[in-house]
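Scope of the values below: all heavy atoms of this structure, side chains included, with no hydrogens, waters or symmetry mates.
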Amino acid sequence: MSRARAGLAAVLLLLCACQSSTGGPGEDGDASGSAPPASTGTPEPIPGLSAGGPMPGAQSCVAPGRIVSAQAVTRHRDQWVEDSPPDDATFDLTGTTSTAYPATESVFAVGTDRPAARTCVIGGVVQGQADDEKTWDYYHDKYNAACLKIIATGWIQVHGLRCDNVEDGIKPQESSVNANDTQFLVTGTHLTRIRDDCMENDYTVGGVLYDNLWEQCNTGISERPSRDRSWRTPQSETLVLDHMLIGLYQTPHREDGDVVMGENALFKWSESGNRVVIKCSTFMVDAVSLNGTDAMAFPPGTVVDDSGCPDAPSTLVWLGGGAEYPAWAAGIRVVTDPAVWTAAVAAWKAAHGEVGAR
């Protein structure tokens with residue numbers, strides 16, 4: 001089987017697994033301009049996502065009529081970019097590995113000049129070359145770029161991406177600030193040694209995160225617009241975490257002239273952030289946030305819906321000392337046994353063919 005067909009076949013298998021889920025209830029500073037009013041824009045639905053409750057399924061990435069572009073098998077030090085893609089394009093990066101970080105531009109980038117409608121990215125590996133001894137401040141100030149930056153209208157889909165040792169993980173964006181003209185579905189991605197946000201969603205795009213292992217994040221998910229701006233996100237817009245694994249990761253930070261090891265929090269939120277719905281997910285926090293216990297709270301109004309997993313409810317593994325998590329955790333079960341997190345990670349890797357992989 002060719003590399004391209006193998007990559008697409010793997011995604012089809014993943015999407016079939018996604019459909020068995022039950023339904024239920026920044027690079028800082030590049031979103032410029034003054035705070036806009038609430039938009040009346042409405043993104044078009046992703047095929048397979050029901051209005052009553054997101055149920056992942058994304059046959060649309062390989063549906064007839066789409067432009068499927070399979071990149072050549074390659075390992076390189078350059079950025080891969082499609083700045084003005086056509087509408088209805090799927091980019092299969094299976095077999096493409098880049099080491100193009102540290103950099104001032106995101107390693108994989110789509111739609112950065114002219115966003116297209118309904119863009120999908122499959123696969124791809126980024127092996128960043130950040131120095132473990134350098135501080136969060138160093139990379140944030142000099143090399144504030146993501147593994148994947150993707151801008152599109154209608155919808156965005158990302159499947160099977162692997163990111164290691166970069167500043168930010170995945171950075172989805174709408175066509176403009178608070179346009180409310182897209183949503184995303186991200187599945188089967190594996191992120192490690194992310195120096196800042198595993199997802200920088202500072203445009204507060206709504207969407208579904210399903211069956212991802214974000215193993216080492218300094219911050220899990222950010223929905224905090226840059227430069228103290230804010231806007232009204234539609235009440236109907238949600239961020240759904242379904243069968244997600246998110247663990248935090250300590251990196252060097254400069255605090256009051258000293259270098260200390262630490263992390264931020266699972267969620268970096270704001271009044272502009274989406275309503276959060278958590279389903280059947282596992283989290284790991286191993287220290288009090290450098291920004292204090294208030295920063296460790298789950299977003300206000302977070303809903304936990306474990307109706308699809310009554311025997312394996314959403315769980316927060318707290319390894320920072322004491323039996324109680326020091327902030328509001330939305331009613332999620334809290335445990336202090338590290339084996340719970342280790343087992344969840346191992347199970348995800350086994351299910352995704354990463355046994356023995358980092």
Side-chain angles (χ1 to χ4, degrees), residues 1-14 27 61-62 67-85 89-113 119-134 139 142-151 156-172 186-200 212-217 249 251 345 348-358:
M1 180 183 291
S2 72
R3 180 199 62 76
R5 295 180 67 183
L8 294 174
V11 169
L12 285 172
L13 288 173
L14 172 64
E27 289 148 53
C61 277
V62 290
I67 302 168
V68 180
S69 175
Q71 307 304 303
V73 177
T74 181
R75 180 182 179 90
H76 55 81
R77 297 182 180 179
D78 300 322
Q79 180 196 34
W80 174 86
V81 59
E82 287 286 345
D83 55 6
S84 299
T90 294
F91 298 99
D92 181 11
L93 303 184
T94 309
T96 298
T97 298
S98 176
T99 58
Y101 186 85
T104 57
E105 301 291 338
S106 296
V107 181
F108 295 154
V110 186
T112 50
D113 186 21
T119 301
C120 182
V121 172
I122 297 171
V125 176
V126 172
Q127 295 176 340
Q129 306 297 303
D131 183 347
D132 288 343
E133 301 299 318
K134 298 285 189 183
Y139 285 107
K142 292 180 176 291
Y143 303 109
N144 193 357
C147 176
L148 169 66
K149 179 177 180 178
I150 182 167
I151 310 174
I156 291 166
Q157 296 188 45
V158 179
H159 305 290
L161 177 68
R162 179 72 173 95
C163 305
D164 178 61
N165 203 16
V166 294
E167 168 72 4
D168 292 313
I170 300 169
K171 183 173 183 176
V186 178
T187 68
T189 64
H190 185 189
L191 278 54
T192 49
R193 297 193 293 171
I194 304 302
R195 307 295 294 251
D196 196 15
D197 309 325
C198 271
M199 171 168 276
E200 185 184 291
N212 301 283
L213 171 57
W214 294 356
E215 191 173 356
Q216 296 170 308
C217 315
Y249 164 62
T251 61
V345 170
W348 190 96
K349 290 181 178 180
H352 293 77
E354 288 195 20
V355 176
R358 177 168 185 154

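For the pair V186 and M199, the minimum side-chain heavy-atom distance is below 4.5 Å. When side chains are defined from C-beta on, H352 does not count as touching H190, because their heavy atoms never get closer than 4.5 Å. Between L93 and F108, the closest side-chain pair of non-hydrogen atoms falls below 4.5 Å.
With sequence neighbours excluded, the residues satisfying side chain to side chain contact (heavy atoms under 4.5 Å, CB included) with A89 are P86, F91. With sequence neighbours excluded, no residue satisfies side chain to side chain donor-acceptor pair (under 3.5 Å) with T74. In this structure D83 satisfies the side chain to side chain donor-acceptor pair (under 3.5 Å) test with no other residue, sequence neighbours excluded. For T189, the side chain to side chain donor-acceptor pair (under 3.5 Å) partners are N212, W214, not counting sequence neighbours. Every residue two or more places apart in sequence or in another chain was checked for a side chain to side chain donor-acceptor pair (under 3.5 Å) with T97, and none qualifies. Under the side chain to side chain contact (heavy atoms under 4.5 Å, CB included) criterion, K142 pairs with Y138, not counting sequence neighbours. Residues forming a side chain to side chain contact (heavy atoms under 4.5 Å, CB included) with T99 (at least two apart in sequence, or on another chain): R75, R77, Q127, Q129.
In plain terms, the two heavy atoms of G169 and A146 that are nearest each other are O-CB, 3.6 Å. Between Y249 and D132, the closest heavy-atom pair is OH-OD1, 4.2 Å. The two atoms that bring V110 and P85 nearest to each other are CG1-CG, 3.9 Å, heavy atoms only. The two residues I150 and Q157 come nearest to each other via the heavy atoms CD1-O, 4.4 Å. Scanning all heavy atoms of the two residues, the minimum distance from A100 to Q79 falls at CB-N, 3.8 Å. Minimum interatomic distance between D78 and S98 (heavy atoms only, all atoms of both residues): O-OG, 3.0 Å.
Not one N or O on the side chain of T90 forms a donor-acceptor pair closer than 3.5 Å with the backbone of V68. Using modelled atom types, no side-chain atom of Q216 and backbone atom of I194 make a donor-acceptor pair closer than 3.5 Å. The backbone N or O of D131 sits less than 3.5 Å from a side-chain atom of Y139, completing a donor-acceptor pair. Judged by distance alone, the side chain of N165 and the main-chain N or O of A130 form a donor-acceptor pair under 3.5 Å.
Of the candidates D164, V166, I170, D168, V166 is the only one forming a side-chain contact (heavy atoms from CB on, under 4.5 Å) with C147.
Summarising the geometry, atom OH belonging to Y143 is positioned 12.5 Å from atom CZ belonging to R195; distances are rounded to the nearest 0.5 Å. To the nearest 0.5 Å, atom CD of residue E82 and atom OG1 of residue T119 are 10.0 Å apart. Note: K149 NZ to K171 NZ = 4.5 Å, rounded to the nearest 0.5 Å. In this structure, the separation between NE2 on H159 and SG on C61 is 3.5 Å, given to the nearest 0.5 Å.
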